[in-house]
Asks: 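Submitted below is the structure of interest, expressed as C-alpha cells.
In what follows, every chain begins at residue 1, and chains take the letters A, B, ... in the order their sequences are listed. Note that this is a predicted model, so its numbers are computed, not measured.
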Amino acid sequence: MQHPIETEAGFVGHFHNGLGWYVYPTHRFKTITLQAFWVNDMDPATVSLGALLPHILKRGTVSWPNFTAIQQQLESLYGATFRADVGKIGDKQLISVSLEVIHGQYLPGKPDTLSASLEFLDEVLNRPQVNSGGVFENEYVTQEKELLTRQIHALINDKGQYALHRLIETMAQGRPFGLRKLGRVEDLVKVTPESLYAYYQTVRKSSPFVLMAVGDLDPDVIATYVSTHWNGHRSELVKIQPYTPLNREYEVIEKQPVQQGKINIGYFTRRTYASADYPALMMYAGILGGFAHSKLFVNVREKESLAYYAYARLDAALALMIIGAGIEFEDYPAVKRIIGEQLEAMRQGDIDQQEMHFTEQAFRNDILSEEDVPTQLIGRQMEKLVLGGGLSGEALIQALESVTVPEIQRVAEDITLDTIYFLTTDQAATGGDEAQGE
Amino acid sequence: MTNEVIGEAIYLARLSSGLTVAVARRPGFKKVFATFATHYGSIDNTFVIPGTEEPVTVPDGIAHFLEHKMFEKEGGGDVFNDFAALGASSNAYTDYTSTTFLFSSTSKVAENLEILLDFVQRPYFTEANVNKEKGIIEQEIRMYLDMPQDRLHSNLMGALYQHHPVRLDIAGSVESIRTITPELLYQCYQTFYHPSNMVVFIVGDVDPEDIWRQVERNQARKKFAMQPPITRPPTVRIPRVEQKMPVSAPLFMMGYKDTQVAGSGDALLRREIAMGLMWQMLLGKGSPLFADLYQAGLINERFHARYSGGTTFGVSALGGETLDPHRLESWLVERLLVEELNRDDLARLKKKEMGEMIGLFQSPEDLAYAFNNMFFRGIDLLSYIDVLSSITLDEIQEVRDSQLQEQSRAVSLILPVANSND
C-alpha cells in the first residue's frame, strides 16, 4: 500500500573546525525546520550562563526590539514555531535556537518563508538587543534570572522527573553530567549583564556551531549562509566522558507528601552509542523494559498489578541504564525483587523468539517513524554528531535484527546495579490534601 | 471534504453499519497512524440503554476503565502482543467526550487495521480480569494526584460545574473504580461501541478506497443490531478552590464557563474559532497584556489562555505559574474587559491560525485528535479555513461580552505546602 515517491539520501552536509551544517532535503513536509546549536561542556562555571542565554536572546533583537515585536513577527510568519532553549547530552550542554515555518509554496501568494526564517534566526543569534553600554539590558537579565530560578525550583512539581534527577545527581557525585541543563540557582544569582554578554561573545565566536535544516529546500542556501555568517575557526567538539561507577548497590530513600512512590534504579552498562555491540544493548533494554510486551511491563504491571508504568531506558552517551516505575509505597520491596528477577532472567538468557521478534519489530517501527518528524530527524543527527558515530536508520535496524541471544547475555553480564532511589510518602497513613472550596 | 486554499482533502465514507471511515493521505510518510474512536467519554455516566426507558447511572471513570479492558482477549493474552507481532505500537486514551484506540506502524497496515477493528469490536470481561485492572488503574489515578497541573485543571472544572460530569476526573476515583463489574462494562460497551457512534480515521501514505473496502469487508463479517441514537440526558458553583501540594510556586488557573453552548456543526465551529482568536488577541504572546504581565513578573512564557468545549459544555481556561495569584487575578479581571481589539491583530492572528492548520496535517497524532474531536460534534475540519477567514471584529467583541461574565468565573489554585523541601 505504500509507495515511495522519492528516494532520499538523508542528511547532506559536514562539520569541521567546530563549524558545520546538515540538510535533509525532502518533499514530505509542508514545513521547513531550522535548528542551530552551540555545544559546550557542562561546567559549573558556565552552565547557568548557558541556561540563561537563550532566554535573553528571546527578549529582543535589533530589528524586533522586544518580546512583543518578536512574537508578532512569528505570528505574521504564519504562526512559525520558535524555540530557544538548552538541552543536554552526556556532559554537554546544547544551546539551541529553532524555527519551524510553513513552506511558502503551500501559502497564498507563495511568500519566501525560508529567507524570512533564516533572517529571523540570524537576528536572534547574531544581533541581540543591547543597551547603550553595549551589553544586555539589565532589566531583561534580572527578569529572566528570576524566571529561570523559578523554573529550576519547579522541578519538584514533576515527581517522575524529580526522582530521575535525584538518581542521576546521586550517581554523579559532583561530576559535570550530574548538573541540570538549567544550571544552579547559586551560580545564577552571580550572573550580571556584563558577564552574560561576555559569555555570549565567547560562545558566538568560538563554541562549536552547527545548523540543521529539514524540508523542501536547497542545501546550498544553508551552506552559503553558514560560510558567510559564521567564523570558520572554532573549538572542536570534545568527546563525551562516559560514566565510571563510584557506587555499588547504593540506596537512597527520600520522603515527601506524595500519593505514589517513585522507584528509579541506575545501572552501569559499559557501552555507549559508539560501541560496536551497542545494538545488543539496545535489544537488552528493549526486551527488559522498552515496550508494552517487555518483561518489566508484563511482570510488574500485567501480572502483579503493581504499577501503571514501568520502563527501562538507556543513556547512550553515559553508558547507563535507568529503570523507573510509579508504585504503592508498601510495594517497594516486592517491586525491587521483581525487577531483580527480570535482570537475572536476562543474564540467564531466558529470552524467547517472540520477545526477540517483537522487540526487533518495535525498534524498526520507532526508527522509521522518527523520519516523519523533522525535529526527531534533527535530534538523531545531532546525537550522532555529538556522540561521535554509531548506527542510525536502516543500518541500525539491520544491526538490531542480527543480534543473537548469546550476544544479549554477553552485554547482560556487564550490567551492574549502581544506585536505587525511592521517593516515598512522609505520612504514616495515606491521604494527603483534598481540594477545599472556600 | 476538501479545502482548496490549503490543498488538503479528507476522504470520508459512511458504511451500512453506520460506521464512518475517513482517510487523510500523506504521500511519502513512512508511518501510518490509525484511530478507531467512539463518541463516549467520562461525561457519559448517565444514559438510556437502547431498548429501555429509564436512564442508568454508572460508576465514575468507567469509560476509561473500559478502554483499558478492551485490550484483553478471550483465552488470555492481550492485544498489545498482536500489534507487537506486526511491528506496530498501539495505545488508547479517554477524554471527557470520546475514547480512542490507535496504532502506528511502518509496515503491514492492512493486518494491523484488521486487529484494530476486531479488538475494539470484541469485548471480553471477566470477574478476574476486571479485578486485576483495578490495581493498575489505581496507580494511574495516584500518579495524576501527584501532578499539580492536572489537579489545577480538575479542581477548576469542579469549581465551575456543580452538576455536569465534566467536573469529575476522567479516570474516576480510587473508590469509584472499585465498584466496576463485568456486567456494568458490558452495559456501557453495548450502548456506546455501536458502529453508528464510532469513526475510523487513518493518516498516511495509503489509498482511501483500499481502506474503505477493507473496513467494509471486515464489518460485513459482523452482526450489528440497528441502534437508535443514544439518549444522553442533559446535565446542567464555588468561585474559588485551593489545594496544597509540594510545588515550588503557586499555580493559578482561572476559568469562564461558556453559558451559550452552541450545540453542533458550523455554529459551534464558528464560536470556537472566534473564542480562540479572542484569547490570542487578549492574552496571546504577541498581546500587550501578555507583555505587561510578563514585565511585571506575574507570569512566565508558559502562561496560556484557551477555549475548549464539547456539545454540552465549554470552558475558557487561562493560567500558569505565578508568585502572586491575587494580583494576577485582579489585573486579568480588570483588563480583559477593556483591552482594545483591533483589525491588524485580527488579520495577523488569522495568518497564524492558517499556518497552524496547514502544519496540523503534518502531525498524524494531532490531526487525528482534531478530526475525531470535531467529527463527533458534527464539524467539518476542512471548513475551518473558510470560517476563519470570515470572522469579523464585531464577532470577537460579541464573544468577549458573552464569555467574560463574572457569575460564570472561577479560580483554581495549587499552593505550596509550607514545609516542602527542594
Asks: Taking only Lys NZ, Arg NE, NH1 and NH2, and the carboxylate oxygens of Asp or Glu, determine whether B:Asp205 and B:Lys30 approach each other closer than 4.0 Å.
Replies: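 Result for this pair is no, no salt bridge flagged.
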
Asks: Can you confirm whether the side chains of B:Gln243 and B:Asn155 place a donor and an acceptor under 3.5 Å from each other?
Replies: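 A donor-acceptor contact under 3.5 Å links the two side chains.
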
Asks: Under a 4.5 Å heavy-atom cutoff, which of B:Phe83, B:Tyr294, B:Phe361 has the most pairs with chain A?
Replies: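 Highest number of heavy-atom pairs under 4.5 Å: B:Tyr294.
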
Asks: Report the relative orientation of the aromatic rings in B:Phe80 and B:Phe71; use parallel for angles under 30°, tilted for 30 to 60°, perpendicular for over 60°.
Replies: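 Parallel: the ring planes of B:Phe80 and B:Phe71 meet at under 30°.
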
Asks: Classify the angle between the aromatic ring planes of A:Phe67 and B:Phe290 as parallel (below 30°), tilted (30 to 60°) or perpendicular (above 60°).
Replies: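 Ring orientation, 0 to 90° scale: parallel.
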
Asks: For the pair A:Glu371 and A:Arg380, find out whether any cationic side-chain nitrogen is under 4.0 Å from an anionic carboxylate oxygen.
Replies: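 Between A:Arg380 and A:Glu371 there is a salt bridge, with a charged N closer than 4.0 Å to a carboxylate O.
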
Asks: Do A:Arg59 and A:Gln143 have side-chain atoms, one donor and one acceptor, less than 3.5 Å apart?
Replies: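 Indeed, the side chains of A:Arg59 and A:Gln143 share at least one donor-acceptor pair under 3.5 Å.
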
Asks: Between A:Glu370 and chain B, with a heavy-atom cut-off of 4.5 Å, which part of the residue counts as in contact: side chain, backbone, both or neither?
Replies: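 Neither part.
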
Asks: Between A:Leu155, A:Ile70, A:Ile327, A:Asp158, who has the most heavy-atom pairs with chain B when the cutoff is under 4.5 Å?
Replies: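 The option with the most such pairs is A:Ile327.
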
Asks: One thing to verify: whether A:Arg28 and A:Asp372 come together as a salt bridge, which I'm taking to mean a side-chain N less than 4.0 angstrom from a carboxylate O.
Replies: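 Result for this pair is yes, salt bridge flagged.
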
Asks: Please flag which part of B:Glu138 lies under 4.5 Å from any non-hydrogen atom of chain A: side chain, backbone, both or neither.
Replies: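 Only the side chain of B:Glu138 comes within 4.5 Å of chain A.
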
Asks: Heavy-atom pairs under 4.5 Å with chain A: which of B:Ile358, B:Ile136, B:Leu86 has the most?
Replies: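 Option with the top pair count is B:Ile136.
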
Asks: Answer with yes or no whether the side chains of B:Lys132 and B:Asn129 bring together a donor and an acceptor at under 3.5 Å.
Replies: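 Judged by distance alone, the side chains do not pair up.
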
Asks: Taking atom types as modelled, is there a side-chain donor on B:Asn300 or A:Gln151 under 3.5 Å from an acceptor on the other?
Replies: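 B:Asn300 vs A:Gln151: no donor-acceptor pair found between side chains.
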
Asks: So for A:Glu146, is it side chain, backbone, both, or neither that comes closer than 4.5 Å to the heavy atoms of chain B?
Replies: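 When you check distances to chain B, only side chain atoms of A:Glu146 fall under 4.5 Å.
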
Asks: Give me the atom names and distance for the closest heavy-atom approach of A:Gly286 to A:Phe291.
Replies: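 The answer is O-CD1, 3.7 Å.
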
Asks: Measure A:Glu75 against the heavy atoms of chain B and call it side chain, backbone, both or neither at under 4.5 Å.
Replies: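 The answer is both parts of A:Glu75.
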
Asks: Under 4.5 Å heavy-atom distance to chain A, tell me which part of B:Asn91 shows up: side chain, backbone, both or neither.
Replies: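 Neither; nothing under 4.5 Å.
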
Asks: If you count heavy-atom pairs under 4.5 Å between each of B:Met147, B:Lys134, B:His68 and chain A, which one has the most?
Replies: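 Option with the top pair count is B:His68.
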
Asks: Ignoring hydrogens and angles, state whether a donor on the side chain of A:Glu328 or B:Gln139 is under 3.5 Å from an acceptor on the partner side chain.
Replies: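 Per modelled atom types, A:Glu328 and B:Gln139 side chains form a pair under 3.5 Å.
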
Asks: Under a 3.5 Å cutoff, is there a donor and acceptor pairing between the side chains of A:Asn365 and B:Thr106?
Replies: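 Yes.
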
Asks: So what's closer than 4.5 Å to chain B heavy atoms on A:Leu147: side chain, backbone, both or neither?
Replies: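 A:Leu147 touches chain B through side-chain heavy atoms alone.
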
Asks: If you count heavy-atom pairs within less than 4.5 Å of chain B, which of A:Lys30, A:Lys159, A:His293 leads?
Replies: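 Going by pairs under 4.5 Å, I would pick A:Lys30.
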
Asks: Of the backbone (N, CA, C, O) and the side chain (C-beta and beyond), which part of A:Glu139 lies under 4.5 Å from a heavy atom of chain B, both, or neither?
Replies: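 Only the side chain of A:Glu139 comes within 4.5 Å of chain B.
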
Asks: So which part of B:Leu323 gets closer than 4.5 Å to some heavy atom of chain A, the side chain, the backbone, both or neither?
Replies: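 Both parts, backbone and side chain.
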
Asks: With a 4.5 angstrom heavy-atom cut-off, which part of A:Ala307 approaches chain B: side chain, backbone, both or neither?
Replies: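 Only the backbone of A:Ala307 comes within 4.5 Å of chain B.
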
Asks: Tell me, side chain or backbone of B:Leu349 under 4.5 Å from chain A's heavy atoms, or both, or neither?
Replies: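 Contact with chain A involves the side chain of B:Leu349 alone.
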
Asks: Side chains of B:Glu301 and A:His55: do they bring a donor and an acceptor to under 3.5 Å?
Replies: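 Their side chains do not contain a donor-acceptor pair, so the 3.5 Å distance test is not met.
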
Asks: Only pairs of heavy atoms separated by less than 4.5 Å count here; which of A:Lys58, A:Glu360, A:His357 has the most with chain B?
Replies: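 Winner by heavy-atom pair count: A:Lys58.
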
Asks: Heavy atoms only, distances under 4.5 angstrom: which of A:Arg364, A:Gln354, A:Glu302 has the most pairs with chain B? Name it, please.
Replies: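 Most heavy-atom pairs under 4.5 Å with chain B: A:Glu302.
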
Asks: Tell me, out of B:Ala249, B:Ser89, B:Pro148, B:Ala291, who's got the most heavy-atom pairs with chain A below 4.5 Å.
Replies: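 With the most close heavy-atom pairs to chain A, the winner is B:Pro148.
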
Asks: Heavy-atom distance under 4.5 Å to chain B: side chain of A:Glu304, backbone, both or neither?
Replies: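 Interface part for A:Glu304: neither.
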
Asks: Out of B:Glu356, B:Lys351, B:Glu133, return the one with the most heavy atom pairs under 4.5 angstrom to chain A.
Replies: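 The residue among B:Glu356, B:Lys351, B:Glu133 with the greatest pair count is B:Lys351.
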
Asks: Do B:Glu321 and A:Arg150 meet the salt-bridge criterion of a basic N to acidic O distance under 4.0 Å?
Replies: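 Between B:Glu321 and A:Arg150 there is no salt bridge, as every charged N stays at least 4.0 Å from the carboxylate O atoms.
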
Asks: Report yes or no: do B:Gln280 and B:Glu353 form a side-chain donor-acceptor pair below 3.5 Å?
Replies: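 Looking only at side-chain atoms, B:Glu353 and B:Gln280 do form a donor-acceptor pair, the distance falling under 3.5 Å.
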
Asks: Of the backbone (N, CA, C, O) and the side chain (C-beta and beyond), which part of B:Leu413 lies under 4.5 Å from a heavy atom of chain A, both, or neither?
Replies: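 Neither part; nothing is under 4.5 Å.
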
Asks: Where does B:Met354 contact chain A at under 4.5 Å (heavy atoms): side chain, backbone, both or neither?
Replies: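 Looking at B:Met354, just its side chain touches chain A.
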
Asks: Using non-hydrogen atoms and a 4.5 Å limit, figure out which bit of B:Arg151 sits close to chain A: side chain, backbone, both or neither.
Replies: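 When you check distances to chain A, no heavy atom of B:Arg151 falls under 4.5 Å.
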
Asks: At a 4.5 Å cut-off on heavy atoms, which part of A:Glu144 comes close to chain B: side chain, backbone, both, or neither?
Replies: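 Only the side chain of A:Glu144 comes within 4.5 Å of chain B.
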
Asks: So which residue, B:Lys285, B:Arg26, B:Arg302, ends up with the most heavy-atom pairs under 4.5 Å with chain A?
Replies: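 Among the listed options, the one with the most contacts to chain A is B:Lys285.
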
Asks: Which region of A:Lys303, side chain (C-beta onward) or backbone (N, CA, C, O), has a non-hydrogen atom less than 4.5 Å from a non-hydrogen atom of chain B, or is it both or neither?
Replies: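 For A:Lys303, no heavy atom lies under 4.5 Å from chain B.
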
